[in-house]
Amino acid sequence: DSPDVFLGLLQSAFIVGLIIGSVTFSHMIHHYGRFFLVGIGMSVWTVAVFMSGISKTVDSYPFLVFARMLSGFGEASLQCTVPPWIQQYAAPAQKGTWLSIFYTAIPVGTAFGYAYSSFVAESIGWNWAFFIEAIIMFPFVVFFFFISPYYPCIHHDDDKSVEMKKKPSVLEEFKIVLSSPVFFLVIACNAAQTATLIGISTFGSSFLIGLGYFDKESQASTVFGVLISIAGMIATPAGGLLLDRYIKKQSTRQGSDDMEARTEFCVSEDTSIDFNNNSITQLNPLSKSNHLIDNDHNSITNNHFISPTNPYKTEIASLVNILIVFNIIGAVLLISVYSIYNDVLFFLMISVGCAALFLTFPSINMTLMLSVPVENRSFAIAVNTIFIHAFGDVPSPVIAGLLKDSLAPACVQSSSTDDSVLSSSACRSQGDGLRLTMLLLALWLLWAVLTTVIAKLLNSLDIVTWSQLWQQAGFCRVGEKESVGRGRKLTQYSYLQSLLVKGGRDHGDEEGQ
């Protein structure tokens, strides 16, 4: 009967729809153009948002829950298809920057929503916040359908060798993307971050009122929204710039240190490696990068030398370093909020702590995409969405609501707009319970630190598949060890693609012959 639990269920319903939509749209990208799918998804989203406004008229909570779930389904089309497009077509030295600009919309939209929804709810009614959003989105839906013919089905129209490949099933795509331990560990990190951020954000204004910093919901929502907005707008783009510059610096240093000590094997993000046909194909013919393709020597000279077993080892190492450092910073700052009573220092710690987490968003998503084949990157984003919401967004608001109501029962509101309960002396006397709730949510970040440290270790050992990890740990059978070690070692891409290409597992034997 807790109102906070029902509020959390609305957020969870949205995420459930997002998960279903992510799998659907990321897999359909093998069959339809990405922006055609975005147009479909945003059409569904517009209808769903309009339904959310109507739920007040029909006075039905289940109707609102269904509408929120449907809106999550539609939004997934945008989240799964655009990041891989940016990764593929953005200039090599600016991929992180453009990716960060895209992800800046998340904290900005979340923060703006606090102020926008509060203002509209108090002036003309909360249902109009949804109606206005639907009207604003309509021109964008038309735009996506208009440009969709210019961006046809992913890769399959760009290159005949890729077009002839069997399009993977959903289960095959799951198998491909989950073959990478680094990918799995990074999505676990992202889940921990999401749990903390969503848990705190869902009840952020309630915390601020209950702790005595504000008396009205509108004031608390606005200030909290501004803090998160500023943190997101500054930290997320800064994370993209840091990503580009740090990778460039580390790649240059790594190349000069061991260029002669390791096998020189070159690829780009726009390249498909097919050892069965002894060829390397550039998947993006529109790319402005000047790559010199040499099929006889299996190399592409683009001044980007890589390890033969882990083609993005240097880049992933740089990205994971960023994750470790800023996860630690974010965890320390948000955990310390429990013992801080000075209002200025309290707001500063929350702002900088959230900013540290926002700064990692571009690095997380870049790492995920570099961990899988090009044609499976949209599905990788979908798997990430499933994982972070299954262990982050979906349980976090509900758990946070239960913790808040249990540790500070005097702060339970009869309605989400009942400011008098949170500002009452009874609620504020239980401020330690509210602080403990925030502390427990922040402790989720320790999992993010642990998983990124393990990812760094595995990447340094050139562990790009689970079978390699079992081999290193001594769990492989003798035949499996011989298969892995015989002939030329497969690159990450060729190994994962061999799961879909007949005879891929025997490639090492064929080359040895």
Of all heavy-atom pairs between C427 and G210, which one has the smallest distance, and what is that distance?
-> SG-CA, 4.0 Å
Flag yes if more than 12 heavy atoms outside W126 fall under 6.0 Å of its CH2 atom; otherwise flag no.
-> yes
Using a 4.5 Å cut-off on heavy atoms from C-beta on, say whether the side chain of W85 contacts that of Q88.
-> no
For the atom pair CD1 (I86) and CE (M366), what is the distance rounded to the nearest 0.5 Å?
-> 9.0 Å
Exam field: side chain R68 to backbone L10, donor-acceptor pair closer than 3.5 Å = no
Would a 4.5 Å heavy-atom cut-off, applied to side chains only, mark S371 and L368 as touching?
-> no
Of all heavy-atom pairs linking C80 and P84, the shortest is O-CD, 3.4 Å
State, to 0.1 Å, how close I234 and P237 come at their nearest heavy-atom pair, and which atoms those are.
-> O-CD, 3.7 Å
For L178, does its backbone N or O pair with a side-chain atom of W466 as donor and acceptor, under 3.5 Å?
-> yes
Please list, chain by chain and in numerical order, all residues satisfying side-chain hydrogen bond (donor to acceptor under 3.5 Å, both in side chains) with D244, sequence neighbours excluded.
-> T97
Test ring pair (Phe, Tyr, Trp, His ring centres under 6.0 Å) applied to F358 - qualifying residues, sequence neighbours left out = F361
Considering residues at least two apart in sequence or located in another chain, which fulfil the ring pair (Phe, Tyr, Trp, His ring centres under 6.0 Å) criterion with F379?
-> F174
Verify the ring-centre separation between F387 and F391: is it less than 6.0 angstrom?
-> yes
All ring pair (Phe, Tyr, Trp, His ring centres under 6.0 Å) counterparts of F326, not counting sequence neighbours | none
Atom CZ of F66 with >12 non-hydrogen neighbours under 6.0 angstrom = no
Pair I322-L242, side-chain contact (heavy atoms from CB on, under 4.5 Å): steps then yes or no | CA-CA 9 Å; I322 293 174; L242 175 65; 4.2 Å; yes
When every non-hydrogen atom of V120 is compared with those of A129, the smallest separation belongs to CG1-N, 3.5 Å
Taking every heavy atom of P181 against every heavy atom of I463, the minimum-distance pair comes out as CG-CG2, 4.2 Å
Contacts of T46 meeting side-chain hydrogen bond (donor to acceptor under 3.5 Å, both in side chains) (sequence neighbours excluded), chain-then-number -> none
Has the side chain of T104 got a donor or acceptor atom that lies under 3.5 Å from a matching backbone atom of T236?
-> no
Is the backbone of S169 close enough, under 3.5 Å, to the side chain of E172 for a donor and an acceptor to pair up by distance?
-> yes
Non-hydrogen side-chain atoms of L440 and L403 separated by less than 4.5 Å | yes
Contact check, side chains of S351 and I230, non-hydrogen atoms, under 4.5 Å | no
Keeping the roles fixed (side chain from N376, backbone from V177), state whether a donor-acceptor pair exists under 3.5 Å.
-> no
Say whether, by atom type as modelled, one donor and one acceptor occur between the side chain of Q430 and the main chain of A410 under 3.5 angstrom.
-> yes
Got a sec, which pairs hit side chain to side chain donor-acceptor pair (under 3.5 Å) with one end in residues 361-370, sequence neighbours left out?
-> Y103-N365
Euclidean distance, M438 CE relative to L211 CG, rounded to 0.5 Å | 7.0 Å
Evaluate the side-chain contact (heavy atoms from CB on, under 4.5 Å) criterion for residues L443 and I335: first the C-alpha distance (whole Å), next the side-chain angles of each, then the deciding distance (0.1 Å), finally the verdict.
-> CA-CA 7 Å; L443 287 175; I335 290 174; 3.7 Å; yes
Mark yes when over 12 heavy atoms from residues, nucleotides or ligands other than W444 sit less than 6.0 Å from its CH2; otherwise mark no.
-> yes
Could you grab the distance from atom CD1 of I386 to atom OG of S22, nearest 0.5 Å is fine?
-> 7.0 Å
Let me see the working for Q87 and L99 under side-chain contact (heavy atoms from CB on, under 4.5 Å), right down to the final yes or no.
-> CA-CA 7 Å; Q87 164 66 21; L99 197 62; 5.6 Å; no
So which pairs with a foot in residues 325-343 pass side chain to side chain donor-acceptor pair (under 3.5 Å), sequence neighbours left out?
-> Q193-N327, Y341-D432
Measure the CG-CG distance between L197 and L441 for me, rounded to the nearest 0.5 Å.
-> 10.0 Å
If you measure from CD on E173 to CD1 on I29, what distance do you get to the nearest 0.5 Å?
-> 9.5 Å
With side chains defined as the heavy atoms from C-beta onward, is the minimum distance between T452 and L185 less than 4.5 Å?
-> no
G21 to A76 - nearest heavy-atom pair and separation | C-CB, 3.3 Å
Sorted by chain and number, sequence neighbours left out, disulfide bond (SG atoms under 2.5 Å apart) with C354 holds for none
Do W45 and L78 have side-chain heavy atoms sitting under 4.5 Å apart?
-> no
Side chains of M51 and F63: does their closest heavy-atom pair fall under 4.5 Å?
-> yes
Side-chain donor or acceptor of K404 paired with backbone N/O of V412 under 3.5 Å = no
F347: partners by ring pair (Phe, Tyr, Trp, His ring centres under 6.0 Å), with sequence neighbours left out = Y213
Decide side-chain contact (heavy atoms from CB on, under 4.5 Å) for V186 and I364; before the verdict, give the C-alpha distance in whole Å, the side-chain angles of both, and the deciding distance to 0.1 Å.
-> CA-CA 7 Å; V186 173; I364 286 176; 3.9 Å; yes
Please check if the side chain of S55 supplies one atom and the backbone of S52 the other of a donor-acceptor pair under 3.5 Å.
-> yes
Out of curiosity, R245 CZ to S318 OG, how far, rounded to the nearest 0.5 Å?
-> 15.0 Å
With sequence neighbours left out, what residues match R435 under salt bridge (Lys or Arg N to Asp or Glu O under 4.0 Å)?
-> none
Decide yes or no for T194 and S396: does some side-chain heavy atom of the first lie under 4.5 Å from some side-chain heavy atom of the second?
-> no
Looking only at atom types and distance, does a side-chain atom of Q468 sit under 3.5 Å from a main-chain N or O of T465, one as donor and one as acceptor?
-> yes
The side chain to side chain contact (heavy atoms under 4.5 Å, CB included) partner of I388 among N190, I198, I19 is N190
Just jot down the side-chain hydrogen bond (donor to acceptor under 3.5 Å, both in side chains) partners of N321, sequence neighbours excluded, or say none.
-> Y246, K456
Quick one: list whatever passes side-chain hydrogen bond (donor to acceptor under 3.5 Å, both in side chains) with E133, sequence neighbours left out.
-> none
